[in-house]
Amino acid sequence: MGGDGLGGAPLYRLGRAAELLGVSVDTVRRWADEGQLAAVRSAGGQRLVDGADLARLATQLADGPAESRSRTSARNRFSGLVTRVAADELMAQVEIQAGPFRVVSLMTREAAEDLGLAPGAEAVAVVKSTNVIIERPDA
């Protein structure tokens, strides 16, 4: 990741953006070239994708036709992008788009702020039994 993107969202290298969307780097590059995905150049000339725009596209892709989806055990980790955070004085509702899966978690507003959860941020939803735990991967 580089600096901050539009509105303070993180920036992602094309390779990482491709991993998060479940597509090839060439596909992400083509989407950036076509204007479907906001991208900027770093000082070194490397193309970086805006995290908030990446979250928007992840949500759009998930709304498309579903491919074969298998069921998994109760202990799961879903890596993805935060697409929405709705918070009041006490609680926050955090939505993550993890490939074709949308995961929603309720947590304290303080926890969401401490984790730096905002649209475009990378996060991991850990599902165990009836609880969903949100983590941030080490940068």
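Scanning for side chain to side chain donor-acceptor pair (under 3.5 Å) contacts around R29 gives D26, with sequence neighbours left out. In this structure, the side-chain contact (heavy atoms from CB on, under 4.5 Å) partners of V126, at least two apart in sequence or on a different chain, are R77, V124, I133, E135. Evaluation of the salt bridge (Lys or Arg N to Asp or Glu O under 4.0 Å) rule for E34 yields R30 as partners, not counting sequence neighbours. The salt bridge (Lys or Arg N to Asp or Glu O under 4.0 Å) test applied to D114 returns no partner, not counting sequence neighbours. Looking at residues two or more places apart in sequence or on another chain, you find no salt bridge (Lys or Arg N to Asp or Glu O under 4.0 Å) involving D88. Every side-chain contact (heavy atoms from CB on, under 4.5 Å) that A55 has, sequence neighbours left out, goes to L81, T83. A118 is linked by a side-chain contact (heavy atoms from CB on, under 4.5 Å) to nothing, counting only residues two or more places apart in sequence or in another chain. Not counting sequence neighbours, the partners of E19 by the salt bridge (Lys or Arg N to Asp or Glu O under 4.0 Å) test are R16. A search for side chain to side chain donor-acceptor pair (under 3.5 Å) contacts involving E110 returns nothing, not counting sequence neighbours. With sequence neighbours left out, S24 forms a side chain to side chain donor-acceptor pair (under 3.5 Å) with T27.
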- Message: Applying side-chain contact (heavy atoms from CB on, under 4.5 Å) to L21 and W31, what does each step give before you reach the verdict?
- Response: CA-CA 12 Å; L21 294 175; W31 286 340; 3.8 Å; yes
- Residue pair R13, L48: steps toward the side-chain contact (heavy atoms from CB on, under 4.5 Å) verdict: CA-CA 5 Å; R13 293 179 178 178; L48 302 170; 3.9 Å; yes
- Passes side-chain contact (heavy atoms from CB on, under 4.5 Å), M107 versus L117? Steps please. CA-CA 11 Å; M107 64 182 67; L117 298 175; 3.9 Å; yes
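Note on I134 and L106: separate hydrophobic clusters, where clusters join Ile, Leu, Val, Met, Phe, Trp and Tyr whose side-chain heavy atoms are under 4.5 Å apart, directly or indirectly. Each of M91 and V85 belongs to its own hydrophobic cluster when Ile, Leu, Val, Met, Phe, Trp and Tyr are linked at side-chain heavy-atom distances under 4.5 angstrom. No single ILVMFWY cluster, assembled from side-chain heavy atoms under 4.5 Å apart, contains both I96 and V104.
Atom CG of residue L57 and atom CG of residue L61 lie 4.0 Å apart, to the nearest 0.5 angstrom. One distance of note links CZ of R56 with CD of Q97; it measures 12.5 Å at 0.5 Å rounding. Atom OG1 in T59 sits 8.0 Å away from atom CD in E95 (nearest 0.5 Å). From L11, atom CG reaches atom CG of L54 across 10.5 Å, with rounding to the nearest 0.5 Å.
Sorted by first and then second residue, the pairs that involve residues 38-49 and meet salt bridge (charged side-chain N to carboxylate O under 4.0 Å, His left out), not counting sequence neighbours, are D33-R47.
Side-chain N or O atoms of Y12 include none that pairs as donor or acceptor with a backbone N or O of A18 at under 3.5 Å. A distance-only check finds no donor-acceptor pair linking the side chain of D50 to the backbone of A38 [under 3.5 Å].
Counting heavy atoms from C-beta outward, V28 and V23 have side chains that approach closer than 4.5 Å. Within the 4.5 Å cutoff, the side chain of E122 has no heavy atoms near those of the P10 side chain.
Across all their heavy atoms, A98 and S79 have their closest contact at CB-O, 3.3 Å.
Under 4.0 Å is where a charged nitrogen must lie from a carboxylate oxygen, and between R109 and E89 no such pair does.
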